[in-house]
Amino acid sequence: MAWMKVCEALRAQPGQKVVIKGWIRTRRDSKADGGLSFLQVHDGTCQDPIQVVARSDLPNYASEVARVTTGCAVEAEGTLVASQGQGQAVEVAASVVRVVGWVDDPDTYPVPQKRHTFEYLREVAHLRMRTNTFGAVARVRHTLACAIHRFFDQRGFFYIHTPIITASDCEGAGQMFRVSTLDMLNPPRTPEGGVDFSQDFFGREAHLTVSGQLNVETYCCALSRVYTFGPTFRAENSNTSRHLAEFWMIEPEIAFADLAADADLAEEMLKYLLDDLLTRRADDMAFFDQRIEKGLIERLKHIVGSSFRRLPYTEAIGILERAQASGDAHFEFPVRWGLDLQSEHERYLTEQHFKQPVVLVNYPKQIKAFYMRLHAPGTDGAPGDTVAAMDVLVPGIGEIIGGSQREERLDVLDRRIEEMGLKKEDYWWYRDLRKYGTVPHAGFGLGFERLIQFCTGMQNIRDVIPFPRAPKQAEF
RNA sequence: UCCCCGAUAGCUCAACGGUAGAGCGAGCGGCUGUUAACCGCUAGGUUCAAGGUUCGAAUCCUUGUCGGGGAGCCA
């Protein structure tokens with residue numbers, strides 16, 4: 001008899017013998033026909049469980065079958081038959097039901113068949129994937145990850161494994177987690193009294209990476225089209241529904257390319273991913289559409305079908321100022337050229353003004369990183385210097401992608417490093433790329449969890465990663 | 001880190017200075033080819049912690065811890 005995944009059995013022709021293995025979602029009993037039990041069994045392979053019908057003439061019916069509860073692990077052998085009831089096309093008429101693992105005490109089982117809040121389920125993260133929502137999130141996460149690799153592979157990109165540990169403190173994206181084997185209670189000291197990191201494992205200070213970008217640029221300047229997809233760590237004390245201390249990021253980098261090509265790549269990729277997800281995980285997406293965010297599928301389809309608006313920062317400031325002046329919008333924070341846009345401004349642009357994803361480009365240089373390419377003065381009619389940066393803003397999430405064309409001119413790069421008060425020596429290998437066959441190149445970072453939020457409608461980022469790490473949160 | 005809100009049964013919440021309750025879940029029973037099942041019964045509480053006010057505190061005050069929403073930082 002063939003062991004069938006539930007997803008296969010639900011689509012199979014009636015009449016064949018099958019074995020189903022999984023966990024009980026619910027049991028319903030009936031005294032009709034001499035007594036029978038309906039077992040909803042799921043194995044995580046798809047959104048729907050399969051119904052196993054167990055009759056009272058099974059030898060272990062009274063002793064076991066009639067006593068199984070939500071969460072029990074079972075194996076069922078039987079015949080796949082057309083269902084007599086409503087709600088499912090096929091079901092398993094069981095000849096054997098074996099209880100593989102009991103639930104010790106149903107009264108204390110943390111995820112019985114009832115509604116749970118996501119906040120509660122976070123406290124039982126080792127069991128929450130047994131619920132329909134978190135099972136769906138896990139499958140969507142997998143499907144998106146595969147689609148990302150497929151998207152890049154089909155376009156000739158190479159997947160580069162950039163390091164998790166970095167000994168350079170020059171990545172410049174905020175607080176980092178230290179990596180050390182020193183005795184924290186009694187570290188070796190320098191004559192000045194500081195910690196002597198020369199005696200540490202790497203012979204210098206080391207941290208977890210906050211971005212693979214600088215490393216992947218080196219491969220870009222040799223293999224032309226590359227990307228990273230790995231974990232990233234930020235030690236910021238961020239307590240929001242959009243931030244994690246450990247998250248996954250996709251960072252493509254393309255050579256012989258400018259910001260326009262970068263934005264085109266970002267748009268093409270997002271559309272590919274949405275379209276692929278809607279096709280491959282139609283069951284889970286229907287679930288999210290129905291139970292998590294009404295209209296989700298229409299929203300995603302609309303994005304796949306429309307082109308993203310490109311909008312220079314300087315023009316965005318004009319739009320925001322006019323919206324404020326006309327009373328269309330009331331902003332808490334000031335709108336002025338040279339200031340960074342606040343969440344409320346970004347949300348206004350993407351959610352109210354354009355009602356579609358917006359690619360904001362060409363920001364003032366003073367609010368962006370040193371490695372972003374400096375524009376010629378007066379680009380977009382801007383009153384100050386701008387750089388070739390872009391943020392992709394989407395309704396509901398805000399910034400989902402941040403990217404830029406990189407500064408490939410060594411003299412300009414050096415000037416920027418100095419302006420920002422950084423040390424050229426720290427960037428010696430990064431600067432070498434500009435000395436030896438430098439080339440215009442660009443790239444961006446896509447937050448994987450934010451992508452999943454965007455695709456599922458899940459409100460809190462801690463619910464789209466298996467075991468979230470955030471301030472004061474590292475259980476499991 | 002800042003602002004606001006919250007913490008009471010396994011879960012979600014009520015009780016608004018005077019005897020701690022309901023729904024869901026769980027257990028038992030009834031009914032039904034059932035499927036958000038339905039009907040009945042039962043069990044279930046150091047009201048987050050520590051202090052304070054009061055004759056009396058789940059309720060008021062202080063501090064802390066944890067959680068949620070928003071902001072900043074960003075992806």
Side-chain angles (χ1 to χ4, degrees), chain A residues 25-41 48-55 66-67 69-71 81-88 91 93 103 105-124 131-132 172-175 210-213 231-251 266 291 332-333 340-344 346-347 367-369 391-394 397-403 444-454 459-465 470-473 475:
Chain A
R25 192 149 268 162
T26 60
R27 190 197 86 227
R28 293 179 297 273
D29 303 320
S30 173
K31 288 284 181 345
D33 292 352
L36 65 168
S37 290
F38 301 93
L39 309 176
Q40 296 288 351
V41 178
D48 290 324
I50 194 165
Q51 177 160 282
V52 172
V53 183
R55 298 193 169 273
R67 290 175 45 231
T69 58
T70 301
V81 298
S83 179
Q84 297 175 36
Q86 306 294 311
Q88 61 280 315
E91 63 192 19
V103 167
D105 177 7
D107 193 33
T108 59
Y109 182 54
V111 284
Q113 190 62 19
K114 80 178 282 292
R115 280 184 187 280
H116 299 287
T117 59
F118 294 147
E119 291 81 9
Y120 167 71
L121 289 170
R122 248 169 255 155
E123 296 170 8
V124 288
T131 65
N132 45 22
Q175 289 295 108
V210 293
S211 164
Q213 180 200 316
T232 309
F233 307 87
R234 304 272 167 95
E236 237 96 53
N237 193 7
S238 298
N239 292 287
T240 81
S241 57
R242 306 183 306 284
H243 289 84
L244 290 167
E246 176 185 276
F247 64 99
W248 289 63
M249 189 153 63
I250 298 102
E251 297 176 283
R291 304 283 286 274
E332 185 187 344
F333 292 91
D340 208 354
L341 298 182
Q342 304 290 319
S343 287
E344 58 177 352
E346 296 179 346
R347 277 207 309 274
I367 57 173
K368 288 294 179 182
D391 282 353
V392 179
L393 311 178
V394 295
I397 306 292
E399 183 181 344
I400 196 170
I401 284 176
F444 62 80
L446 165 65
F448 188 45
E449 284 76 19
R450 287 189 184 173
L451 172 69
I452 300 170
Q453 284 188 275
F454 179 60
Q459 301 265 308
N460 195 309
I461 200 166
R462 297 170 194 207
D463 296 328
V464 298
I465 190 168
K472 303 279 161 54
Q473 188 169 34
E475 189 72 49

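Lettering follows sequence order; numbering is per chain, from 1. Everything numeric here is computed off the predicted structure, so don't read it as measured data.
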From CZ of R28(A) across to C1' of C39(B) the rounded distance in Å is 18 Å
> So, T26(A) and Q113(A): side-chain donor and acceptor under 3.5 Å apart, yes or no?
Replying inline: no
Side chain of E236(A), base of U1(B): donor and acceptor closer than 3.5 Å? no
**OP:** Could you tell me whether the side chain of R28(A) reaches within less than 4.5 Å of the side chain of Q51(A), counting heavy atoms only?
**Re:** yes
In RNA chain B, stems of three or more consecutive pairs, Watson-Crick or G-U, each with both distances under 3.5 Å, turn out to be B:1-7 with B:65-71, B:10-13 with B:21-24, B:26-30 with B:38-42, B:48-52 with B:60-64
- Message: Whether K368(A) and D391(A) form a salt bridge (side-chain N of Lys/Arg under 4.0 Å from carboxylate O of Asp/Glu) is what I want to check.
- Response: yes
Picking from C11(B), A75(B), U32(B), the nucleotide nearest the side-chain atoms of E399(A) would be A75(B)
Take atom C1' in C16(B) and the same atom in A43(B), then report the distance between them in whole Å. 30 Å
task = Give one of base, sugar-phosphate or nothing for T108(A), where a contact means two heavy atoms less than 4.0 Å apart.
result = nothing
Note to self: Counting neighbours of CD on Q459(A) that are heavy atoms of other residues, nucleotides or ligands and sit closer than 6.0 Å, is the number greater than 12?
What the structure shows: no
Checklist entry - Taking atom types as modelled and ignoring hydrogens, do the side chains of Q473(A) and R122(A) form a donor-acceptor contact shorter than 3.5 angstrom? => result no
Practice problem: May I ask you to verify whether the side chain of K31(A) and the base of C31(B) hold a donor-acceptor pair under 3.5 Å? | Solution: no
A correct 5'-to-3' footprint of nucleotides 66-71 of chain B, with B, S and - meaning base, sugar-phosphate only and no protein heavy atom under 4.0 Å, is SSSSBB
When we call it a touch if two heavy atoms are under 4.0 Å apart, what does L244(A) touch: a base, just sugar-phosphate, or nothing?
base
Closest of C74(B), C11(B), G27(B) to the K114(A) side chain is C11(B)
- Message: Mind checking if Q113(A) touches a base, just sugar-phosphate, or nothing, with heavy atoms under 4.0 Å?
- Response: sugar-phosphate
Against the side chain of T70(A), the closest entry in G33(B), U12(B), A26(B) is A26(B)
Under 3.5 Å, is there a donor on one side chain and an acceptor on the other for S211(A) and E251(A)?
yes
When rounded to the nearest Å, what value does the distance between P atoms of G25(B) and U65(B) take?
-> 37 Å
| message | Rounding to an integer number of angstrom, what distance separates U63(B) and G23(B) when you compare their P atoms? | response | 39 Å
From CZ of R450(A) across to P of C74(B) the rounded distance in Å is 11 Å
inquiry  = Under the criterion of centre distance below 5.5 Å and interplanar angle below 30°, is F448(A) classified as stacked on the base of A75(B)?
reply    = no
Out of C73(B), U34(B), U12(B), minimum distance to the side chain of H243(A) belongs to C73(B)
Note to self: Within the 4.0 Å heavy-atom criterion, would you say G445(A) contacts the bases, only the backbone, or no part of the nucleic acid?
What the structure shows: sugar-phosphate
Any side-chain donor paired with an acceptor under 3.5 Å for E236(A) and Q175(A)?
-> no
Quiz item: Contact class for S37(A) vs. all strands (heavy atom < 4.0 Å): base, sugar-phosphate, or nothing?
Solution: nothing
Which part of the nucleic acid does F38(A) contact within heavy-atom distance under 4.0 Å: base, sugar-phosphate only, or nothing?
base
Subject >> Within-4.5 Å side-chain heavy-atom neighbours: T232(A) and E246(A) >> reply: no
